[in-house]
Amino acid sequence: MTFLDMLRDATTRNDSLLCVGLDPEPTRFPAGMQGDARRIYDFCAAIVDATADLVCAFKPQIAYFAAHGAEDQLERLMQHMRSNAPHVPVILDAKRGDIGSTAEQYAREAFERYGADAVTLSPFMGFDSVAPYLEYHGKGAFLLCRTSNPGGDDLQAQRLASVEGQPLLYEHVARLAQGPWNKNGQLGLVVGATYPEEIARVRAIAPRLPLLIPGVGAQGGDAVATVRAGLTEDGPIIVNSSRAVLYASSGADFAQAARAAALATRAALNAART
């Protein structure tokens, strides 16, 4: 199955628009694990098992593993998700952006070493920084477009005087992803839940691309506004929540609390569909 096939299947099977982001911070782990980077796999695997029937995707953030020298734990976690939640696609949140042979190595890392179904990328260096990932047919690639952080305005909200119509940079990225860059139908876009009007604008430009939408939960994005701005019959959305699910409890019941938080977020997203 391609990434898009897996996404559609998981969305339907689990009746969910929710993606759980796996951003392990050992200092926030529950008692018995707290501060112990050797328990990253154990913590994340417990979250996966508690929420696998509630999500349309999982999104491990590679920096949270690499900072602790825990790439081997990420490999184990990817294998765990393949075994215990094979119907749920995994998006490796890496935000890579390089060219030539370096981009080829990053693509190999994402899709061969870790076995991800999709990856997040920065489009700043142009199409040749994206093309190596598209050589992995059936895999997905999400381009940063309108991100949830306030500093995104510094570049993404600037007008391009050299492009017809003088679009904002994020609008131009959306047009490229919807059009000439999307040669094999593998591209999607990252748009932040903190900017629902911009989500709607991206959806108008790119009516069929999958949108990965972080920012619901701890960052304050509104679930209802997000769904109404981004979801269409032909345009899927993947709404990510990380900290609000992972750290719903600091006690021994952390996995059960994560499940409860995921259930509540899924319900809020589904209610907005109507």
Got [X] and [Y] here, is their nearest side-chain heavy-atom distance under 4.5 Å?
X: H137; Y: N184; answer: yes
X: C56; Y: V88; answer: no
X: N270; Y: R273; answer: yes
X: M6; Y: H87; answer: no

Mind checking the [atom1]-[atom2] spacing from [X] to [Y]? Nearest 0.5 Å is all I need.
X: T194; Y: N149; atom1: OG1; atom2: CG; result: 8.0 Å
X: S249; Y: R259; atom1: OG; atom2: CZ; result: 15.5 Å
X: R82; Y: L77; atom1: CZ; atom2: CG; result: 10.5 Å
X: D93; Y: I62; atom1: CG; atom2: CD1; result: 9.5 Å
X: F58; Y: N240; atom1: CZ; atom2: CG; result: 11.0 Å
X: I213; Y: S148; atom1: CD1; atom2: OG; result: 11.0 Å

What I want to find out is whether [X] reaches [Y] closely enough, with some N-O distance under 4.0 Å, to be called a salt bridge.
X: R96; Y: D98; value: no
X: R28; Y: D23; value: no
X: D153; Y: R146; value: yes
X: R39; Y: D36; value: no
X: D234; Y: R208; value: no

Donor-acceptor check, side chain of [X] to backbone of [Y], threshold 3.5 angstrom: yes or no?
X: Q186; Y: K139; answer: yes
X: Q73; Y: I40; answer: yes
X: D222; Y: A225; answer: yes
X: S83; Y: H80; answer: no
X: R203; Y: A206; answer: yes
X: S122; Y: G97; answer: no

| Hey, mind stepping through V90 and M78 against side chain to side chain contact (heavy atoms under 4.5 Å, CB included) and telling me if it holds? | CA-CA 8 Å; V90 180; M78 299 294 282; 3.6 Å; yes
Among pairs that include at least one residue of [range], which meet ring pair (Phe, Tyr, Trp, His ring centres under 6.0 Å), considering only residues two or more places apart or in two chains?
range: residues 140-175; result: F3-F142
range: residues 227-257; result: F43-Y247, F43-F254
range: residues 108-131; result: F111-Y136, F127-W181

I need the minimum non-hydrogen distance between [X] and [Y], along with the two atoms involved.
X: T120; Y: A94; answer: OG1-N, 3.0 Å
X: D128; Y: I99; answer: OD1-CG2, 3.9 Å
X: N14; Y: V55; answer: ND2-O, 2.7 Å

| query | So, T11 versus D9: side-chain donor-acceptor pair below 3.5 Å or not? | reply | no
| message | What I want to check is whether the side chains of T147 and Q156 have a donor and an acceptor closer together than 3.5 Å. | response | yes
Who are the salt bridge (Lys or Arg N to Asp or Glu O under 4.0 Å) partners of [X], not counting sequence neighbours?
X: E164; answer: none
X: E25; answer: none
X: R266; answer: none

| query | Would L18 and V239 count as a side chain to side chain contact (heavy atoms under 4.5 Å, CB included) if you check the C-alpha gap in whole Å, the side-chain angles of each, and the deciding distance to 0.1 Å? | reply | CA-CA 5 Å; L18 174 65; V239 183; 5.6 Å; no
| said: Surrounding CZ of R175 (heavy atoms of other residues, nucleotides or ligands, distance under 6.0 Å), is the total greater than 12? | reply: yes
